[in-house]
Number of protein chains: 2
Amino acid sequence: MNIGDVADLSGLPAKTIRYYEDIGLVEPLRSANGYRSFRQSDVHKLAFLGRARALGFTIEDCRSLLKLYADTDRASAEVKQIAEEHLDRIDRKIAELTEMRATLSHLVDACAGDHRPDCPILADLAMEEGKTRTARAAD
Amino acid sequence: MNIGDVADLSGLPAKTIRYYEDIGLVEPLRSANGYRSFRQSDVHKLAFLGRARALGFTIEDCRSLLKLYADTDRASAEVKQIAEEHLDRIDRKIAELTEMRATLSHLVDACAGDHRPDCPILADLAMEEGKTRTARAAD
DNA sequence: CATAAGGGTTCCATTCACTGGAAGGTCAAC
DNA sequence: GTTGACCTTCCAGTGAATGGAACCCTTATG
């Protein structure tokens, strides 16, 4: 199969598939004309990668997961550990964003958003140390 | 003031401050010895940048916000629009992460995490089109 | 036979916001 | 005079692609 067909099947852009070959995640064969020739197993691997990436696993996680997938003797604990670490990363990120969201949303609510120049958002960003952050007074 | 002092005061690494000069966010003076010489206003600007970045604003947002801050005639609506767009980005990101979290957490829960090779996490990632995603059966 | 459309190939640059490191200049203290 | 803490510039790398240029291959049509 050529790269275009694989792109359609796996949902990954051809560019991304070439990149994945570059970094050693897949190793398609080559046809006589120099075109990449993907086996069924390559397509399967790429779909696996697509799903793992969609869950936010890093490329290095994906590399590990593929290796574990290929090793039918692996302990599920190894896989679970990778997934749990990733889950923690996600939780930390969500917490960080949620905190940003809270602060920002206070500020946005406090801002009239009209033609006048007074703006609590800028006031907060420009705030001097030691002065009250009005928009956060409720915290 | 030299860069080290400003780094301490603003909480930004010296490296980052140099970078901000590079991309035109601050323009410190220079002493005779070639050292950067920061005015009070530069320190203030950098602290502003630190807070805006901590709220997740992009560098380009920061550039706009600084410009609006300097313009005492701006309409607060302009600031609010930037903040609201950013709030939307945050919300979209949180939603995306929350969805990832849900799927991943299903999978992690379903995985025994022991010495045996059976692993619902890998099974899901490797899933063929058309087969049931056991770990998502509840969706 | 020419050529045009629609594949494919490589290689280089760019994104975002820094961060690390090398090689070297400056300054204050001992 | 030399140590050590500063400072300087410049170059490279991060993650995970993405965009584009320049060029090759295949197939269909005039």
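Just so it is clear: chains get the letters A, B, ... in the order the sequence lines come, proteins before strands, and each one is counted from 1.
- Looking at the side chain of Asn2(B), the nearest of the listed nucleotides dC7(D), dT9(D), dT9(C) is dC7(D).
- Side-chain contact check for Cys119(B) versus Lys80(A): every heavy-atom pair is 4.5 Å or farther apart.
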| Worked verdict on Leu125(B) versus Leu55(A) for side chain to side chain contact (heavy atoms under 4.5 Å, CB included) | CA-CA 10 Å; Leu125(B) 291 173; Leu55(A) 286 179; 4.1 Å; yes

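- In terms of phosphate contacts, Arg18(B) brings no side-chain nitrogen or oxygen within less than 4.0 Å of OP1 or OP2 of dT9(D).
- With contacts defined as side-chain heavy-atom distances shorter than 4.5 Å, the pair Ser37(B)/Pro28(B) does not qualify.
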Restricting both atoms to N or O, compile the protein contacts to nucleotides 15-17 of chain C shorter than 3.5 Å, with distance only.
unit_1: dA17(C); atom_1: OP1; unit_2: Ile59(B); atom_2: N; d: 3.3
unit_1: dA17(C); atom_1: O3'; unit_2: Arg53(B); atom_2: NH2; d: 3.3

| request: Could you run through nucleotides 20-25 of chain D and give me one letter per nucleotide, 5' to 3': B if any protein heavy atom sits under 4.0 Å from the base, S if only the sugar-phosphate is that close, - if neither? | output: B----B

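- Counting heavy atoms from C-beta on, the side chains of Phe38(A) and Ile3(A) come closer than 4.5 Å.
- Across the helix from dC1(C)-dG30(D) to dC30(C)-dG1(D), the helix axis at one end is tilted relative to the axis at the other end by 40° (nearest 10 degrees, each axis from five pairs).
- For the OP1/OP2 pair of dT9(C) and a distance below 4.0 Å, the side-chain nitrogens and oxygens of Arg36(A) include at least one atom meeting the criterion.
- Atom CG of Leu104(A) and atom CD1 of Ile121(A) lie 7.0 Å apart (nearest 0.5 Å).
- Within the structure, every pair that satisfies the side chain to side chain donor-acceptor pair (under 3.5 Å) test and touches residues 86-101 of chain A, not counting sequence neighbours, is listed here: Asp61(A)-Arg89(A), His86(A)-Arg89(A), Asp91(A)-Arg101(B), Arg101(A)-Asp91(B).
- Listed by first then second residue, pairs satisfying side chain to side chain donor-acceptor pair (under 3.5 Å) with a partner in residues 6-19 of chain A number zero, not counting sequence neighbours.
- The cluster map of Ile, Leu, Val, Met, Phe, Trp and Tyr, joined by side-chain heavy atoms under 4.5 Å apart, puts Val43(B) and Tyr35(B) in different clusters.
- Between Pro13(B) and Gly34(A), the residue anchored nearer the 5' end of DNA chain C, judged by the nucleotide with its closest heavy atom, is Gly34(A).
- Among pairs with a residue in residues 27-42 of chain B, those fulfilling salt bridge (charged side-chain N to carboxylate O under 4.0 Å, His left out) read Glu21(B)-Arg30(B), Glu21(B)-Arg36(B), Arg39(B)-Asp42(B), at least two apart in sequence or across chains.
- For Asp114(B), the side chain to side chain contact (heavy atoms under 4.5 Å, CB included) partners are Ser76(A), Ala112(B), Arg116(B), not counting sequence neighbours.
- For the pair Lys93(A) NZ and dG15(D) P, the interatomic distance rounds to 15 Å; values are reported in whole Å.
- Side-chain contact between Leu9(B) and Met1(B): present, with at least one pair of heavy atoms (C-beta onward) separated by less than 4.5 Å.
- Between the P atom of dC18(C) and the CD1 atom of Ile17(B) lies a distance of 11 Å, rounded to the nearest Å.
- By the side-chain hydrogen bond (donor to acceptor under 3.5 Å, both in side chains) test, Gln40(B) pairs with no residue at all, sequence neighbours left out.
- When the side-chain hydrogen bond (donor to acceptor under 3.5 Å, both in side chains) test is applied to Gln81(A), the partners found at least two apart in sequence or on another chain are Glu85(A).
- For the segment residues 23-30 of chain A, the set of residues with a heavy atom within less than 4.0 Å of an atom of DNA chain C comprises Arg30(A), in numerical order.
- Residues from residues 3-11 of chain B placing a heavy atom under 4.0 Å of any atom in DNA chain D, listed by number, are Ile3(B), Gly4(B).
- Side-chain atoms of Ile82(B) and Ser64(B), non-hydrogen and from C-beta on, do get closer than 4.5 Å to each other.
- Note: Asp109(A) CG to Ser105(A) OG = 4.5 Å, rounded to the nearest 0.5 Å.
- For Arg74(A), there are no side-chain hydrogen bond (donor to acceptor under 3.5 Å, both in side chains) partners, not counting sequence neighbours.
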